[in-house]
Amino acid sequence: MSKLIDVLKNNWYGGRRWLNNRSRQDVWPSLATIAVVMVAAFQLHHQGRLWWCACGEYFLWAGDTWSRHNSQHLFDPYSLTHILHGMAYYGILALIASRLPRAWRFWLAITIESLWEVIENSSYVIDRYRAVTISLDYMGNSVANSIGDIICCVLGFFLAYQLGFRKSLVFFIIAELILNFWIRDSLILNIIMLIYPIEAIKMWQIGGH
Ligand SMILES: [Zn+2]
């Protein structure tokens, strides 16, 4: 474990500094990233997701995770979990793909996130969520919400770079705690409940409603 942390610390900024040293080499990864997000948006709509919340009101933030607006507008409390995605991708890619230029690591992270959104919003996963989690009338995110999630992932990636390993880890833990108190859900709980649903957690989450 301590060896893993050493590798993470050493590789965190590996390669040339990206934000301070923008160059033409970043053009292609940037364009490729925009292309991936656009393809994901059209694929999401193609597989049946609405562009925006069915309510038709264009507010950007939906704070109540139990309302029908949750995961339908651009941002909601779950957006925070997607900032954590971006940070986690940054760490994982610093660990396993440190030789890849950072701009391409960024592209890879956003591609993984876009794929996650497409899979998360497939009929198979939507039905599974409904069956095993608290989301009883879950119909999948709107395309706008998926785009908002990807924007948050971008933010998380940049944030991890800015904060460095140690502060990123602290941010991650605090964000997980805030989410558990705030909406009784978080990135880690989300993964646990999707892979291995635990009845006691489900009861606790319903109890918060
Ligand atoms: Zn709405």
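Just so you know, ligand 1 is whichever comes first in the structure, and atom 1 is the first atom listed for that ligand. Keep in mind that this is a model prediction, so the values were computed, not measured.
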**Study point:** Nearest atoms (heavy-atom pairs only) where Tyr90 meets Arg102
**Key:** OH-NE, 3.3 Å
Check your understanding: Quick one: do the His73 and Trp61 side chains pair a donor with an acceptor below 3.5 Å?
Key -> no
Name each donor-acceptor pair under 3.5 Å that joins a side chain in residues 31-40 to protein atoms two or more places apart or in another chain, with its distance.
from  : atom 1 : to    : atom 2 : distance (Å)
Thr33 : OG1    : Pro29 : O      : 2.7

Point to revise | Any residue meeting ring pair (Phe, Tyr, Trp, His ring centres under 6.0 Å) with His82, in chain and number order, not counting sequence neighbours | key: His85
Exercise for review: For the pair Asn121 (side chain) and Gly140 (backbone), establish whether a donor and an acceptor sit closer than 3.5 Å, ignoring hydrogens and angles.
Suggested key: no
Check your understanding: So which pairs with a foot in residues 166-178 pass side chain to side chain donor-acceptor pair (under 3.5 Å), sequence neighbours left out?
Key -> Glu176-Ser186
Study note, to complete from the structure: Shell check on the Zn ion (ligand 1): protein N, O or S atoms less than 2.8 Å away are Cys53 SG, Cys55 SG, His69 ND1, His73 NE2
